[in-house]
Every structure is written in C-alpha cells, then in structure tokens.
Amino acid sequence: EAGVTQFPSHSVIEKGQTVTLRCDPISGHDNLYWYRRVMGKEIKFLLHFVKESKQDESGMPNNRFLAERTGGTYSTLKVQPAELEDSGVYFCASRTQGANTEAFFGQGTRLTVV
Amino acid sequence: GNSVTQMEGPVTLSEEAFLTINCTYTATGYPSLFWYVQYPGEGLQLLLKATKADDKGSNKGFEATYRKETTSFHLEKGSVQVSDSAVYFCGSSPRGFQKLVFGTGTRLLVSP
C-alpha cells in the first residue's frame with residue numbers, strides 16, 4: 001500500500017511568487033492534515049480536512065495560505081505571495097476514521113523562499 | 001493550550017550507550033502522548049504511543065512511560081545503534097491522533 005506522498009520534495013522560489021504543494025493521502029483516508037516546521041522549531045498544525053471539508057483551520061498563519069481538497073482525495077496548499085518567513089518543511093498526514101487511528105506522515109516538502 | 005517541551009540536541013552517543021531524551025507536556029485533561037521519528041530523507045514515523053497515565057509505549061527497543069505526576073514522557077533506549085540516528089519528536093494530542101502538538105525535535109547522532 002502506498003504511503004502519504006508529497007510533491008515536490010523541494011521548492012525554491014523568490015519572495016512574491018506563488019507555490020503550490022500537493023499531498024496524496026493514503027487511499028481511503030478521510031482525514032488529512034497539514035503541518036509545518038519552520039527552521040528547526042516545533043512542527044505546528046495548520047489545518048485538518050475531513051473528506052473535502054475543512055474541519056479546523058485554526059493553524060493557518062494568514063490569508064496568503066489557501067488549502068483545498070477537491071473531491072476529498074488529494075490536497076493542495078497554495079502560498080501566494082510567498083514571504084521569507086514561509087520557508088520551512090511542510091508535512092502532510094492522513095488517517096482513517098476513528099479517534100485513535102494512527103496518523104501517517106509524508107516525507108515533507110522543503111520550501112525555501114529567497 | 002497544549003504544549004510539548006523536549007530537550008535540545010544534538011545528542012551525540014557512541015554505539016551501545018544508554019539514551020534518554022526528555023519530554024514534558026502541558027495540557028488540559030489527559031492527552032495522548034507520542035514519539036515520532038524522522039530518519040534522514042524520510043517522513044515522520046510513529047515510534048510509540050501511550051494514551052493514559054502509567055501506560056508504557058515500546059517499540060524497537062525504545063520505551064516511554066506516561067507520567068501524569070511529572071507530566072513527562074521521556075524516551076529511553078538501553079543500547080543505541082548507529083541506525084537509530086534520526087530526529088525524534090515528542091507529541092501530544094487531546095484525543096487520539098487528532099491535531100498533534102509537537103516539540104522542537106531532538107537530533108540523535110550515534111557513532112560506531
């Protein structure tokens with residue numbers, strides 16, 4: 001069974017440009033999460049989808065970030081326009097229904113804004 | 001709100017040494033506690049978990065005990081191997097694996 005897959009693995013963009021990160025969860029996982037780790041700090045929650053609906057987006061830093069999950073399958077996270085402080089590693093995780101089902105993480109996308 | 005504090009790294013050990021990585025948490029109620037590991041070039045993997053006080057999670061020789069009285073979940077291994085070199089993240093969640101709160105991560109370097 002394929003795990004959580006994220007694209008691209010690395011992205012380097014200039015300040016002011018737009019970048020779109022993609023996450024393909026494990027097939028059948030209704031719950032999808034985005035997290036971010038900035039410069040060796042803690043990994044922070046960004047948002048949570050249940051199928052195509054945003055369940056909790058309390059961690060989104062500002063309105064330059066837009067997450068979508070059309071059809072309840074893969075998800076995208078767009079940053080527009082990117083700022084220097086957006087640099088970091090963006091992780092995606094998915095899990096099935098049920099409070100105690102394990103969250104499986106992707107390998108992350110390392111975003112560098114220069 | 002919930003938070004997790006773990007010891008800063010890097011932690012540098014020789015093979016077969018004893019490992020402790022400290023982790024403490026603050027939370028309302030009784031969170032679930034986790035250790036995740038990130039090996040070089042890979043994603044986060046669940047290493048072990050505990051869901052209530054005095055539970056002991058264990059996996060691959062690693063152990064951690066949920067200590068409510070000290071709000072701690074320290075990671076231990078009796079004899080580390082070079083292959084254990086990775087970044088270890090302590091985490092908590094108010095319920096199950098929902099909305100995880102992580103520490104800053106501790107890099108472990110094990111030399112032969």
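These values consider heavy atoms only, across backbone and side chains, with no hydrogens, waters or symmetry-generated copies. Chain letters run A, B, ... following the sequence lines, proteins first, then strands; residues in each count from 1.
In this structure, CG in B/Asn2 is found 12.5 Å from CZ in A/Phe45, a value given to the nearest 0.5 Å. Separation of atoms CZ (A/Phe91) and CZ (B/Phe102) is listed at 8.5 Å; rounding is to 0.5 Å. Considering CG of B/Leu100 and OH of A/Tyr33, their distance stands at 7.5 Å, rounded to 0.5 Å. If you take OG1 on B/Thr104 and NZ on A/Lys41, they are separated by 10.5 Å, rounding to the nearest 0.5 Å.
Atom OH of B/Tyr30 sits in a sparse spot, with 12 or fewer heavy atoms from other residues, nucleotides or ligands closer than 6.0 Å. Residue-environment remark: CD (A/Glu52) exceeds the threshold of 12 foreign heavy atoms within 6.0 Å. The number of heavy-atom neighbours closer than 6.0 Å to CD of A/Glu85, taken from other residues, nucleotides and ligands shown, is above 12.
One hydrophobic cluster, built from ILVMFWY side chains closer than 4.5 Å, cannot hold both B/Val101 and B/Phe89; they sit in different ones. B/Val37 and B/Val87 fall into different hydrophobic clusters, where Ile, Leu, Val, Met, Phe, Trp and Tyr side chains are chained together by heavy-atom contacts under 4.5 Å. Neither B/Tyr36 nor B/Leu108 shares a network with the other; the hydrophobic side chains, linked directly or stepwise wherever heavy atoms of I, L, V, M, F, W or Y lie under 4.5 Å apart, form separate groups for each. By the criterion of side-chain heavy atoms lying less than 4.5 angstrom apart, applied directly or through intervening Ile, Leu, Val, Met, Phe, Trp or Tyr residues, A/Val19 is not grouped with A/Val38; the two fall into different hydrophobic clusters. Follow the hydrophobic side-chain contacts under 4.5 Å out from A/Met39 and you never reach A/Tyr90; the two are in separate clusters.
For A/Arg37 against B/Gly105, the heavy-atom pair with the smallest separation is NH2-CA, 4.3 Å. When all heavy atoms are compared, the tightest approach of B/Gly41 to A/Gln107 is O-CB, 4.5 Å.
Neither the backbone nor the side chain of B/Phe34 has a heavy atom closer than 4.5 Å to any heavy atom of chain A. When heavy atoms are compared at a cutoff of 4.5 Å, A/Thr101 approaches chain B solely by way of its backbone atoms N, CA, C and O. There is no contact between A/Asn31 and chain B, counting heavy-atom distances below 4.5 Å. Of the two parts of B/Gln45, neither the backbone nor the side chain holds a non-hydrogen atom closer than 4.5 Å to a non-hydrogen atom of chain A. Contact of A/Phe104 with chain B is not made at all, since no heavy-atom distance falls under 4.5 Å.
With contacts defined as side-chain heavy-atom distances shorter than 4.5 Å, the pair B/Gln98/A/Arg95 qualifies.
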